[in-house]
Amino acid sequence: MRRTLVATMLLLLGVFVISAQELPPPPTPPEPPPPPPTQNPTPPPEGDDKPVARLPDSVFETYDTHGVVKPYRTIDYKDLNESSGLEHWQDAWWSHNDAGDGAYLYRSTDLSFNNARRYAVPGAVATDWEDITTLGEDLLVCDIGDNDRRRKDLTLYRVGWNTDDAKLTLKAKYKIAYPDGKHDAEAAAEIDGVLHIISKNRGEGFTGVYRFADLREGERNTGELVCKLDVDERVMITAADFDPVAKKLLLLSYTRVYVYGDKLDGKPERNVLIYAQQCESLCIHDRALVYGNEQGQFFRVNDFLSSKYEFLLPEWAQAELPMQSEDVELDGAGKAWAEGAYEFKLKNMRKGEYLRWKICGAYLMLAGRFEYDSFNSSSERGDRLGTALVVMIGSEWTDFLTGDETHLWLGDNGATGVDAWKLNPDGFKLTPIPGLKAGGQVEGRSWAFEYAVPLTAVFGEGKLPDEFLVNVWGYNLHGEDEPHLRGDNLLTLGNPYIWGGATLKPAENKEGETNDNPEKD
């Protein structure tokens with residue numbers, strides 16, 4: 001269901017800080033940047049003597065197990081504005097909106113849906129349609145969304161396609177329930193001719209796979225709990241599809257694609273880290289994985305099941321953090337240390353805006369200027385989160401907030417002026433930064449600032465890291481077009497693995513040699 005970005009962020013964060021169990025092993029801490037990526041030619045199918053022409057896909061650079069992706073198609077059909085399910089059926093692509101639309105399916109021969117037509121499903125009601133899948137020769141529309149786990153009317157609509165008059169026909173309507181209470185679900189797949197629904201884990205503490213054999217009209221069909229999947233308790237499965245040739249079940253979440261094979265239980269045989277905003281649709285077609293988001297983008301990865309990808313992420317961003325040994329005095333704009341500072345190339349920056357940083361003595365210096373549509377002050381008292389620029393420092397790629405990351409919340413306190421805090425993900429609270437120095441002003445729809453943040457407040461005690469992870473994004477500055485380092489929207493706050501890299505750049509001495517990495521005072 002459509003929500004504001006802020007509400008979505010708070011909801012996701014609230015889910016992510018539920019009592020945590022051990023995370024799946026993350027990738028190792030950042031290493032030096034890989035060699036320049038190479039273009040990704042699509043290999044010919046195994047066993048063929050000649051290459052077969054294949055459609056291009058979203059992967060435009062590869063190195064090792066990392067695929068760099070961009071959207072393959074963007075929906076160009078105004079009525080399909082929140083795609084929440086995808087299936088290739090009857091020689092065409094079919095999709096539907098999330099809750100809020102009528103009982104309509106959208107048909108197109110292209111994933112852009114620019115030539116789409118809308119078809120009503122006769123006799124159907126759209127309460128919260130969340131997925132579509134095939135069942136035999138038919139299409140099954142799954143009205144199974146139940147965010148609050150209260151619904152008594154979960155329904156599956158089995159439809160056929162009349163090619164003579166290009167109309168959908170309702171073949172059957174099935175009422176369903178679960179054997180162990182109510183569940184929210186957004187994922188359904190036909191496995192060996194039988195419908196399976198995968199729950200979304202709205203606080204139950206597990207992700208369940210439910211089997212629905214011998215569906216019958218006129219009665220409530222209660223599924224069988226086949227197994228509980230061993231994925232992190234904070235994972236929410238949002239779509240599914242089954243490849244009948246490879247015998248693989250693919251599950252989509254907001255952060256990963258999971259692959260199950262012979263054993264539909266326990267841990268997946270493979271999982272791939274992704275970032276594509278609020279992903280809610282998935283389909284396997286012509287050996288390609290296609291997954292989409294509610295923002296209207298589809299991503300296509302050819303020969304996915306035979307690939308070695310462990311990461312399918314947007315283009316990498318790399319920054320430097322220059323150093324100088326002397327402290328500087330604040331002037332509100334950072335002019336004293338501007339020479340040699342690193343300037344971030346954030347997306348959605350407006351003319352005249354900038355953000356730069358540098359280490360000067362015992363402080364991390366940050367200076368910038370941003371226009372704002374409206375400006376709200378923050379406060380360390382309570383949970384009042386106003387307009388801000390968030391600078392995030394980390395050491396590991398993780399799917400969820402762990403509390404070990406450093407979130408610097410740069411804003412204004414509404415009383416004495418420009419200020420900064422640490423954001424504590426546990427409870428979403430702001431806390432003052434001891435020893436912080438700040439200057440600047442908020443006036444005339446322009447926010448200019450300079451901060452000196454003690455290095456110990458950013459990196460802890462001891463030696464500075466030679467390299468680390470960084471992310472930067474705006475919060476309630478530009479509205480929908482927030483400045484950001486990478487990623488696409490404010491879901492960044494709920495998905496902190498959307499990192500860029502940063503390396504320390506020691507200052508040179510008079511002989512042109514670099515100074516050693518200093519200890520923090």
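On a predicted model such as this, the values are computed, not experimentally measured, just so you know. These numbers come from the heavy atoms of this one structure, side chains and all, not from hydrogens, waters or symmetry mates.
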Are the side chains of R158 and Y174 in contact, using a 4.5 Å heavy-atom criterion?
yes

Please confirm whether the backbone N or O of L385 pairs with a side-chain atom of S378, one donor and one acceptor, at under 3.5 Å?
no

Does a side chain donor of either R216 or N221 reach within less than 3.5 Å of an acceptor in the other side chain?
no

Less than 4.0 Å between a side-chain N and a carboxylate O, is that true for R256 and D399?
yes

Where the side chain of T238 meets the backbone of C279, is there a donor-acceptor pair that is under 3.5 Å apart?
yes

How far apart are the C-alpha atoms of H285 and W93, what are their side-chain angles, what is the distance that settles it, and do they pass the ring pair (Phe, Tyr, Trp, His ring centres under 6.0 Å) test?
CA-CA 10 Å; H285 174 63; W93 293 101; 5.3 Å; yes

Against H183, only a single residue in R149, E204, R151 fulfils side chain to side chain donor-acceptor pair (under 3.5 Å); can you say which?
E204

For the NZ atom on K248, are there more than 12 heavy atoms of other groups (residues, nucleotides or ligands in this structure) within a distance under 6.0 Å?
yes

Under 3.5 Å: donor-acceptor pair, side chain of S253, backbone of M236:
no

Do D101 and Y106 have side-chain N/O donor and acceptor atoms under 3.5 Å apart?
yes

Validation row: V231, N271 side chains within 4.5 angstrom (heavy atoms):
no

Is a donor on one side and an acceptor on the other found under 3.5 Å between the side chain of N162 and the backbone of A166?
no

Main-chain N/O of C283 paired with E87 side-chain donor or acceptor, under 3.5 Å
no

Give a yes or no on whether the backbone of G85 and the side-chain of S95 come within a donor-acceptor separation of less than 3.5 Å.
yes

Give a yes-or-no answer on whether the side chains of N476 and T387 include a donor-acceptor pair shorter than 3.5 Å.
no

Can you tell which of D303, D57, D243 makes a salt bridge (charged side-chain N to carboxylate O under 4.0 Å, His left out) with R287?
D303

Sole residue of F304, Y72, Y309, Y291 in ring-ring contact (aromatic ring centres under 6.0 Å, His included) with F299:
Y291

Indicate yes or no: does D128 engage R150 in a salt bridge with an N to O separation below 4.0 Å.
no

Using atom types as modelled and distance alone, determine if a side-chain donor or acceptor of Y157 lies under 3.5 Å from a backbone N or O of V125.
yes

Give a yes or no on whether the backbone of W89 and the side-chain of W94 come within a donor-acceptor separation of less than 3.5 Å.
yes

